[in-house]
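Structure first, commentary second.
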2 protein chains.
Amino acid sequence: MSEKLSASLEDYIEAIAELAGSVGETRAADIADTMAVSRPSVTVALRALASRKLVNYRPYSTVSLTVEGKKLAAAVLRKHRILSRFFCEILGADEKLADSAACKVEHAIGEEITDRLVEFLAFIDNCPLAARGGFQYDSESRIEFREEVEKYGKN
Amino acid sequence: MSEKLSASLEDYIEAIAELAGSVGETRAADIADTMAVSRPSVTVALRALASRKLVNYRPYSTVSLTVEGKKLAAAVLRKHRILSRFFCEILGADEKLADSAACKVEHAIGEEITDRLVEFLAFIDNCPLAARGGFQYDSESRIEFREEVEKYGKN
DNA sequence: GACAAAAGTTAGAGGAGGCTAATATTACCA
DNA sequence: TGGTAATATTAGCCTCCTCTAACTTTTGTC
């Protein structure tokens with residue numbers, strides 16, 4: 001991947017990926033609308049992304065992601081999904097809150113934390129949780145817990 | 001609380017709280033050093049914080065937090081601790097990574113998510129987790145899981 | 001108590017992001 | 001095909017945060 005984008009540019013990449021969808025293209029106006037940002041701000045952002053070779057951009061034309069851009073978008077969207085699931089399913093937050101929190105946190109965590117969260121969710125999905133089981137959670141069982149979590153890790 | 005600080009100003013508040021410690025005072029140079037930032041940047045930040053009545057600041061003097069500032073610092077530090085614990089104890093991340101991730105994420109989550117995370121950690125601490133128990137985690141037990149977590153919630 | 005060192009501030013500049021108003025380009029339709 | 005509506009860009013401005021270089025104040029030592 002490239003040089004580590006700002007939160008703002010990651011948001012643009014994410015929005016473009018979602019708007020482009022299967023068609024693969026979108027327009028500046030749609031980006032501006034969904035991001036609640038002015039059109040000139042979009043122009044500036046697109047230039048920044050184009051200079052990093054993350055979008056195909058020519059003035060007065062439609063926008064699409066490059067291969068690199070798609071990779072980056074996928075990484076950001078993955079973080080978003082994982083976080084949203086965690087906030088919603090595990091912490092029990094409202095869907096809307098979970099989503100908006102994910103939107104902010106996705107720019108703040110790296111791949112390792114994300115991978116570990118995936119691992120953790122996989123664990124909870126497959127093997128959970130004796131709320132009723134009455135296990136005491138001392139420092140030893142904490143270590144066991146970790147080992148169990150790792151067994152369920154994949155992508 | 002006041003008007004919602006930027007991540008940057010929250011970092012300053014946090015650093016001041018930690019440096020001031022029990023003495024209650026610290027100096028601009030120490031802030032600059034621990035935050036790896038220039039002294040003029042500290043001056044600017046202190047003026048911004050003083051204008052929001054979060055620090056007691058007079059040129060060429062020491063710095064301390066106001067009552068409001070202390071409240072805000074406590075809120076940020078609480079988020080930091082909770083997140084760091086979660087990344088480290090639950091996700092199994094290295095202490096250093098857990099801490100640096102907490103440093104970023106603390107500015108991105110609100111009180112509700114934080115409260116829910118506290119609840120969740122309390123639950124894990126007290127009642128966990130039958131990795132060995134063999135409970136299946138279907139959509140029904142997910143709801144039960146949530147109910148159990150809530151029983152352990154407090155501050 | 002004077003003077004050097006340490007600490008702090010001012011001045012000036014730059015990057016990142018955002019906005020509005022004005023201008024340019026494209027697209028569509030009669 | 002010409003003209004208007006829609007779309008996009010440019011120009012100019014602002015805020016936030018950071019920096020270096022230069023200057024001022026405070027402190028501590030002889």
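Below, read A as the first sequence line, B as the second, and so on, with proteins coming before strands; counting in each chain starts at 1.
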Sort out for me which residue in A:Leu117, A:Val118, A:Val105 forms a side chain to side chain contact (heavy atoms under 4.5 Å, CB included) with A:Phe86. A:Leu117

Option from A:Glu25, A:Lys71, A:Lys70 for which side chain to side chain contact (heavy atoms under 4.5 Å, CB included) with A:Leu65 holds: A:Lys70

Start with the C-alpha gap between B:Lys79 and B:Glu111, add the side-chain angles, then the distance that decides, and say whether salt bridge (Lys or Arg N to Asp or Glu O under 4.0 Å) holds. CA-CA 8 Å; B:Lys79 287 177 195 174; B:Glu111 304 314 314; 3.2 Å; yes

So what does [X] hit on the nucleic acid, given a heavy-atom distance under 4.0 Å: a base, only sugar-phosphate, or nothing?
X: B:Ser41; answer: base
X: A:Ser8; answer: sugar-phosphate
X: B:Val42; answer: nothing

Dump every N/O contact between nucleotides 6-8 of chain C and the protein below 3.5 Å, one line per pair.
from, atom 1, to, atom 2, distance (Å)
C:dA7, O3', B:Arg27, NH1, 3.0
C:dG8, OP1, B:Arg27, NH1, 2.7
C:dG8, OP1, B:Ala28, N, 3.4
C:dG8, OP2, B:Ala29, N, 2.8
C:dG8, O3', B:Tyr60, N, 3.3

For the residue pair B:Tyr57 and B:Thr62, establish whether any side-chain heavy-atom pair is separated by less than 4.5 Å. no

Is B:Ser38 close enough to D:dT20 that one of its side-chain N or O atoms is under 4.0 Å from OP1 or OP2 there? no

How many Å lie between [atom1] on [X] and [atom2] on [N], as a whole number?
X: A:Asp33; N: D:dA6; atom1: CG; atom2: P; result: 13 Å
X: B:Asp11; N: D:dC16; atom1: CG; atom2: P; result: 17 Å
X: A:Leu5; N: C:dG17; atom1: CG; atom2: C1'; result: 14 Å
X: B:Arg47; N: D:dC17; atom1: CZ; atom2: C1'; result: 13 Å
X: A:Leu9; N: C:dG18; atom1: CG; atom2: P; result: 8 Å
X: B:Glu10; N: D:dC16; atom1: CD; atom2: P; result: 15 Å

I'd like a list of close polar pairs between nucleotides 11-14 of chain C and the protein, N/O only, cut-off under 3.5 Å.
none

Taking atom [atom1] of [X] and atom [atom2] of [Y], what is their separation to the nearest 0.5 Å?
X: A:Leu54; Y: A:Leu46; atom1: CG; atom2: CG; answer: 11.0 Å
X: B:Asn56; Y: B:Ser61; atom1: CG; atom2: OG; answer: 9.5 Å
X: A:Asp99; Y: A:Lys104; atom1: CG; atom2: NZ; answer: 11.0 Å

How far apart are the closest heavy atoms of A:Ser64 and A:Gly24, and which atoms are they? CB-O, 3.0 Å

When you measure from the side chain of A:Tyr12, which nucleotide among C:dG18, D:dC17, D:dC19 comes out closest? C:dG18

Output, in order, the C-alpha distance, side-chain angles, deciding distance and verdict of salt bridge (Lys or Arg N to Asp or Glu O under 4.0 Å) for A:Asp115 and A:Arg78. CA-CA 10 Å; A:Asp115 291 344; A:Arg78 171 172 172 257; 2.7 Å; yes

Quantified as the angle between the terminal helix axes (five pairs each), what is the overall bend of the helix from C:dG1-D:dC30 to C:dA30-D:dT1 to 10 degrees? 0°

Under 3.5 Å donor-acceptor, B:Ser84 side chain and B:His80 backbone: no

Backbone N/O of A:Gly92 and side chain of B:Arg116: donor-acceptor pair under 3.5 Å: yes

